[in-house]
Amino acid sequence: MSITLDAITLPEDLIWTDEFDWSPRQQKETYTLTGALVVELGIKQKGRSITLVGGEQAAWIERSVLMSLYAKLDSASVMTLTLNDARVFSVVFSADSRPIEAALIIDYSTPASTDWYSLTLKLMQV
């Protein structure tokens with residue numbers, strides 16, 4: 001099964017590198033003027049980072065797919081990410097200054113639409 005972002009098919013061997021870096025638990029401790037401890041605990045509803053990473057050895061995409069991803073940057077719409085284990089997330093591009101990072105596998109001065117790129121895709125669950 002492949003990974004898809006809306007209708008764009010991504011390599012199935014992209015790795016979700018920050019899957020366990022997020023916790024839905026939010027806690028804050030404060031002391032009152034009398035010295036009593038007040039603990040506020042809540043559950044985050046959204047905001048989980050989803051960073052999908054390929055590399056020089058795996059998860060390559062063609063330039064034409066990369067261009068489709070860049071075209072999505074122009075839209076502020078919510079996208080559907082379906083992972084290869086059938087989990088589905090509503091996502092937007094991360095506020096990171098570079099939500100899509102790509103590098104040619106073999107450098108060409110004029111790459112063709114079928115040339116291969118490594119990919120890092122930074123998304124956020126909404």
J.: Are I15 and L69 linked, directly or through other ILVMFWY residues, by side chains that come within less than 4.5 angstrom of each other?
T.: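 Different hydrophobic clusters.
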J.: If hydrophobic clusters are built by linking Ile, Leu, Val, Met, Phe, Trp and Tyr wherever their side-chain heavy atoms come under 4.5 Å apart, do L121 and V78 end up in the same one?
T.: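 Not linked; separate clusters.
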J.: What heavy-atom pair brings P11 and I3 nearest, and what distance separates the two atoms?
T.: O-CD1, 3.4 Å
J.: Do you know which two heavy atoms are closest between I100 and Y70, and how far apart they sit?
T.: O-OH, 3.3 Å
J.: Locate the shortest heavy-atom distance separating P99 from L73; write the atom from each residue and the value.
T.: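 Closest pair (atom of P99, atom of L73, distance): CG-CD2, 3.7 Å.
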J.: Return the set of residues passing side chain to side chain contact (heavy atoms under 4.5 Å, CB included) with A112 (not counting sequence neighbours), or none when no residue passes.
T.: T114, D115
J.: Return the set of residues passing side chain to side chain contact (heavy atoms under 4.5 Å, CB included) with D96 (not counting sequence neighbours), or none when no residue passes.
T.: S94, R98, K122
J.: Out of curiosity, Q26 CD to K44 NZ, how far, rounded to the nearest 0.5 Å?
T.: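 Here the rounded value is 5.0 Å.
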J.: Could you pull out all residues at least two apart from Q27 that satisfy side chain to side chain donor-acceptor pair (under 3.5 Å)?
T.: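 Listed in chain order: R25, E29.
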J.: Do Y117 and V65 belong together in a cluster built from hydrophobic side chains that touch within less than 4.5 Å?
T.: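 Yes: a chain of side-chain contacts under 4.5 Å links Y117 to V65.
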J.: Report, one line per pair, each donor and acceptor closer than 3.5 Å where one atom sits in a side chain of residues 30-37; sequence neighbours left out.
T.:
unit_1, atom_1, unit_2, atom_2, d
T32, OG1, T34, N, 3.4
T32, OG1, T34, OG1, 2.9
T32, OG1, A36, N, 3.2

J.: Quick one: list whatever passes side chain to side chain donor-acceptor pair (under 3.5 Å) with S77, sequence neighbours left out.
T.: S75
J.: Cut-off 3.5 Å, no hydrogens considered: what does the side-chain donor-acceptor table look like for residues 82-92, sequence neighbours left out?
T.:
unit_1, atom_1, unit_2, atom_2, d
N84, ND2, E12, O, 2.6
D85, OD1, R87, N, 3.2
D85, OD1, R87, NE, 3.3
D85, OD2, R87, NE, 2.8
D85, OD2, R87, NH2, 2.9
R87, NH1, E19, OE2, 3.0
R87, NH2, E19, OE2, 3.2

J.: With clusters built from Ile, Leu, Val, Met, Phe, Trp and Tyr whose side-chain heavy atoms come within less than 4.5 Å, directly or transitively, what are the remaining members of the cluster of W116, listed by chain and number?
T.: W60, I105, I106, Y108
J.: Which salt bridge (Lys or Arg N to Asp or Glu O under 4.0 Å) pairs, counting each pair once, include a residue from residues 59-69, with sequence neighbours left out?
T.: none
J.: Could you tell me if the side chain of L119 sits less than 4.5 Å from the side chain of L52, heavy atoms only?
T.: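 Heavy-atom side-chain distance check fails, nothing below 4.5 Å.
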J.: Go through the structure and list residues passing side chain to side chain donor-acceptor pair (under 3.5 Å) with R48, not counting sequence neighbours.
T.: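 Testing R48 for side chain to side chain donor-acceptor pair (under 3.5 Å), a comparison that skips the adjacent residues, returns none.
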J.: Should side-chain heavy atoms under 4.5 Å link Ile, Leu, Val, Met, Phe, Trp and Tyr, which residues sit in the same cluster as V38?
T.: none
J.: Restricting to side chain to side chain donor-acceptor pair (under 3.5 Å), what partner residues turn up for W16, sequence neighbours left out?
T.: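 So W16 forms a side chain to side chain donor-acceptor pair (under 3.5 Å) with D18.
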J.: Any side-chain heavy-atom pair from L123 and S49 closer than 4.5 angstrom?
T.: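 SC-SC contact between L123 and S49 ruled out.
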J.: Using every non-hydrogen atom in the two residues, find where G54 and A59 come nearest and quote the distance to one decimal.
T.: CA-CB, 3.5 Å
J.: Membership question, hydrophobic clusters at under 4.5 Å side-chain separation (ILVMFWY): are F93 and M124 in the same one?
T.: no
J.: Can you establish whether the number of heavy atoms outside K46 located under 6.0 Å from its atom NZ is more than 12?
T.: no
J.: Can you confirm whether L10 sits close enough to T4 that some side-chain heavy atom of one is under 4.5 Å from a side-chain heavy atom of the other?
T.: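 No - every pair of side-chain heavy atoms lies 4.5 Å or more apart.
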J.: Quick one: are L5 and T80 in side-chain contact, heavy atoms under 4.5 Å?
T.: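 A side-chain contact under 4.5 Å is absent here.
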J.: Measuring from S2:OG to I8:CD1, what's the distance to the nearest 0.5 Å?
T.: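 With rounding to 0.5 Å, OG (S2) is 12.0 Å from CD1 (I8).
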J.: Give me each pair satisfying salt bridge (Lys or Arg N to Asp or Glu O under 4.0 Å) with a member in residues 72-83, each pair once, sequence neighbours excluded.
T.: D6-K72
